[in-house]
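In the text below, chain A, chain B and the rest are named by the order of the sequence lines, each starting its count at 1. Since this is a predicted model, take the numbers as computed values, not measurements.
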Amino acid sequence: MGRLNIAASADDRPDDRQRSAIDKTEPAAMQTDQILMTFFAGVLFLGVLGFFLGRSKAARVRASGTPMHSQPDQYAWFTVLSAAGPAMVVAMLAAIVLGLFEDVFPGWLAVVGALGLGAFGLFVGLSRVRPELRARDSLEGAVKWVLVGAASISILTTFGILFAIVFEAIRFFQMESFWYFITGTTWAPGDSFLEGAGRGDGLPEASNNFGAVPLFAGTFMITVIAMLVAVPIGVSAAIYMAEFAPSKVRDVAKPVLEVLAGIPTVVYGFFAAITVAPLIVSLANSVGLDASFNNALAPGIVMGIMIIPFISSLSDDVINSVPNAMREGSLALGTTRAETIRSVVLPAALPGIISATLLGVSRALGETMIVVMAAGMRPNLTGNPLEDMTTVTVSIVSSLTGDNEFESAATLSAFALGLVLFVITLALNTVSVLMIRRFREKYAVSNL
Amino acid sequence: MTTKLASPGAPVTFSPETTHDLEMTVRDLKLWYGEKQALHGIDLDIYQNNITALIGPSGCGKSTFLRCLNRMNDLIPSARAEGEVMMEGKNVLSKQVDEVALRKKVGMVFQKPNPFPKSIYENVAYAPRMHDIVSKGKEQDELVERSLRAAGLWDEVKDQLGQPGTSLSGGQQQRLCIARAIAVQPSVILMDEPTSALDPISTATIEELMHELKRDFTIVVVTHNMQQAARVADYTAFFHLGEVIEYNDTAMMFSTPDQKKTEDYITGRYG
Amino acid sequence: MAQSLDDISRQLKKRHRKSARMKWLSMAALILAGTFLLVFLGDMLVKGLPAFQQGYIEVEVDYSERAAELPLAAVEADYRDLVSRGYLRLIPGRMADDESLLGTTQTEWVLADDAVDQYLKGRKARLKDKQIEVLDRLAEEGRAELRFNTGFFTNGDSKLPEMAGLASAAMGSVLVLIVTLAFAFPVGVMTAVYLEEFAPDNRFTRFLEVNINNLAAIPSILFGLLGLAIFINFFGAPRSSALAGGLTLGMMTLPIIIITSRAALRAVPDSIRQAAFGVGATRWQTVRDHVLPLSMPGIFTGSIIGLAQALGETAPLIIIGMIAYIPDAPTSFTQAATVLPAQIFTWAGMPESSYVERTAAGILVLLTVLISLNVTAVYLRKKFEHRW
């Protein structure tokens, strides 16, 4: 249960990674395995024991003719909870403490302690099984707390992401300048490694190698290309499906678009790199333009295709929830379908469409596989989509899969970039939720 | 075009004592929703500058009939209509007649006020601009004012034309919808239970307005409220199970109905 | 006087043309989106289908003592370069297992080298003229042919394209998904039950809801950072392991399961709950005995969709090191493993052109699995859907 140095396996060449992973993680893992096994077996034993002891005691009392508050099974579960509950809590606390401070006490001690407490809980619980004990109410309360606990996990996840990223990002900004990070135009993590190893110019402190502007620009460029593909096609397709298409066409078109949405991004990435990028290069060459095989256009277009179903299905929902009375009101004035759509339906649906677009943008910003596979690795501040450029997500991946030490600025920069991504996507999502809520309040639609 | 229609023994159409010009004539109109027939051969004459009320129990086909007059039923994929709805010597149900043109000529006001989510001004100006009736600017301002005045709403909203139409009260919204319909200068205005969602005072206002409007427009109004029909309509048709049971001068209809069913209905025996 | 119908119709011509244009344009957009899908699938089929066949040649294998030490000697010099090096390497092992082979010469169909395979499929291959001559002769004699590529499904990854298969990645995917499901299903369903059946309308609940929505929108790569920092660095889960990968994907799948389970619970009408309360059931008894069983089909459907998404996810797994080279299928949750999409990613980065067809074939396999999962989900929903 000790802390593992991530650099241990990141150090090796990819070919040897598997061997090294086994060599270096297996002893600790085996130990963890055994400790967990022992613990769960123990808890299971205590639980089963508690169930039968509790039930038989309750059944005995009942058989003797004493009226009881609850059912025997409820007393049984009460006993199970009083045994397993404390054991679980102690085990969880021990795991967290062991995670925070390495090896302050051995793992087996935690297991023994937790199971011992569980046994004690079993004894106490059993002795409390009496006719006047309101086991049903206690159970009901316990169930509620278990559910609250489960619900809190999603909150813990969000905060886990936030803290993990912020904590490591702070360490990064202790080494590098925050200001240069968001305004600097040179991204050269490799150089910082050289300097760190004492082979560079020996610049003091901040190396000014972590200016993320080229990454932001690359991300922005690819996102813009993706949205230029996705928004017109997605919204138009939604208009066709919601306003013009016969229901049979709709019934076919919707699942087809869903298939498009279900394709894994790694597959899109392969398509972009192997098929679309060479196509763009040859097209560009045929009109006398130079294009890189890692041009921004290929991942941008393919990402746009990926986002089409996302935008079209949300827009379709929104357009469908514009009340029919609006359409009828307009058509009854002798306007054409197109005039009604353009002047009445679309303006009414606009908040929803914008909200869908913002979610699409947030997807495009965070999309990783397509750009990792089809966009370049070279930070390049340019406005030409035919050149290669790299993105925030590509840099995150490359800095965490490279040969750097975990404690180095090059690796930690991934978390600084992750923080930027987190903040921006969260903001986009919040705005989008607010807009859709406004739309919903206006038309009292409930299916969004 | 004054026509006296002979109706020997048939209760479905009638010829009024005084002669009126015919706006629309409906002959043997049948309509199906999928397999289900909703209208079983309707014959009805609609007279110019009069108010014709359609009454009957719910589900009797009166709204469906109304929506045939400007082909709003075309919007329902399963609906299929047969028969004649004659206007200007053309059967407006035929594909040769442009339904958009028809709707410009035969406007509609709905049961629930449905102003667009635009400003009051835009609600009125939107369709005339599409139809190229007015050009932007002063001409358009005048049309908006004229229409709002005709709908009796001008004095209440003249200082807040930029406010969203949805910010008005229910009765005001409905008058805005009437102003919007007037603004495209139709011949006929169809009203589908225009006051059923409104309070009694707003209802009274709209009923008065209908009296004003019939000078310039032909009005066909569906109502579930017999008193309303008695108050506003010149002629009344009683619908039952997709058929017109009786069509007559309103006063006659309510005082001496020809048909037993009509009498049962207006005396409240079913509905 | 209002205009006549004819006048209006004449003015409408232009406007109708505009309307028609909008209809066709929007239809074209939908067709375009469908075309993308067709082009993409077609491209993958064209590129990937050949990988389901593999070149074999018939040669005489001489199981001499010399071959046991120097496997190359087992095959005639002319054919040596045409046979897969992977096959040759196995010869000493097979001789040790089966001693009766020693000293015999057998005519065997043998896995061909990658270049031969490519040549047999009619592609450019790095073969010398001499080798091509030999190969052409073999083909003429019916001693070189393409057969169904079983190795693709039974082998693990390999540095030799002709030996590389999906088996170890598939096993890794299974292990990862088991962990994902074991974590996300109970936690997700419990969260949904809490929110729908127990939670009071207070700040905590509202915060929880906002939080779940946000979680669903966080880019997947950030879950990788979480997995790296928390599971691996903090709790010491083994890097590249199915355990770390499964938990990371579990966190990602959680919001999907919560959201779909909530919808399923909400679809159970209140009358059922009131009936249960009416006979004196507690809240938990009502949920356990009535609401949950009725909403299970919906919950399963949502979970399958969540699993399908987890199965296709790559980015967070790269961050926690699941792109390792794994020739043998992992057998435990703590062993280093890779998953199908990660295998596709590694193959896509290989310089040898013959990996391209393997990558596309891997994609076809992955898509088949994903589509079957989704079809199952739709089928479940259709079959058990209640109309209240």
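Looking at A/Leu257, only its side chain comes within 4.5 Å of chain C, counting heavy atoms on both sides. Using a 4.5 Å cut-off between heavy atoms, A/Ile155 touches chain C through backbone and side chain atoms alike. Contact annotation for A/Val148: both backbone and side-chain heavy atoms come within less than 4.5 Å of a heavy atom of chain C. Interface residue A/Ser154: backbone and side-chain heavy atoms are both found under 4.5 Å from chain C.
For chain C, the option among A/Ser236, A/Ala238, A/Gly366, A/Pro232 with the highest count of heavy-atom pairs below 4.5 Å is A/Ser236. Looking only at heavy-atom pairs under 4.5 Å with chain C, the residue among A/Ala151, A/Ala237, A/Gly418 that has the most is A/Ala151. Ranking A/Ile239, A/Val256, A/Leu260, A/Ile305 against chain C, the residue ahead of the rest is A/Ile305, based on heavy-atom pairs under 4.5 Å.
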With a cut-off of 3.5 Å and sequence neighbours excluded, list every side-chain donor-acceptor pair involving residues 16-29 of chain C.
from	atom 1	to	atom 2	distance (Å)
C/His16	NE2	B/Asp98	OD1	3.0
C/His16	NE2	B/Asp98	OD2	2.5
C/Ser19	OG	A/Ala338	N	3.2
C/Ser26	OG	C/Met22	O	3.2
C/Ser26	OG	C/Lys23	O	3.0

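Across C/Leu225 and A/Ala414, no two heavy atoms sit closer than the pair CD1-O, 4.2 Å. Taking each heavy atom of A/Thr401 and C/Ile323 in turn, the nearest pair found is CG2-CD1, 4.2 Å.
Only one option out of C/Ile344, C/Leu370, C/Ile363 pairs with A/Pro264 in a side chain to side chain contact (heavy atoms under 4.5 Å, CB included); it is C/Leu370.
For A/Arg363, the CZ atom is loosely surrounded, since the number of other residues' heavy atoms within 6.0 Å does not exceed 12. Atom CH2 of A/Trp77 is surrounded by 12 or fewer heavy atoms from other residues, nucleotides or ligands within 6.0 Å. Atom CZ of C/Arg266 has more than 12 neighbouring heavy atoms from other residues, nucleotides or ligands inside a 6.0 Å radius. The number of heavy-atom neighbours closer than 6.0 Å to CZ of A/Phe159, taken from other residues, nucleotides and ligands shown, is 12 or below.
Summarising the geometry, atom CG belonging to A/Leu365 is positioned 12.5 Å from atom CD1 belonging to C/Ile221; distances are rounded to the nearest 0.5 Å. Here the CG atom belonging to C/Leu215 is positioned 12.0 Å from the CD1 atom belonging to A/Ile153, to the nearest 0.5 angstrom. Atom CD1 of A/Ile233 is separated from atom CG of C/Leu32 by 4.5 Å, given to the nearest 0.5 angstrom. Between the OG1 atom in C/Thr359 and the CZ atom in A/Phe270 there is a gap of 4.5 Å [rounded to 0.5 Å].
Identified under the side chain to side chain donor-acceptor pair (under 3.5 Å) test for residues 256-275 of chain A, with sequence neighbours left out: A/Thr275-C/Asp43, A/Thr275-C/Lys47.
Between C/Phe40 and A/Phe271, the ring planes are perpendicular. Angles over 60° get that label, and only those under 30° would be called parallel.
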>> salt bridge (charged side-chain N to carboxylate O under 4.0 Å, His left out) for C/Arg283 and A/Glu140? Distances and angles first, verdict last.
In response: CA-CA 8 Å; C/Arg283 200 164 264 282; A/Glu140 197 73 10; over 6 Å; no

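Under the 3.5 Å distance criterion, the side-chain polar atoms of C/Thr191 are matched with a main-chain donor or acceptor of A/Ala150.
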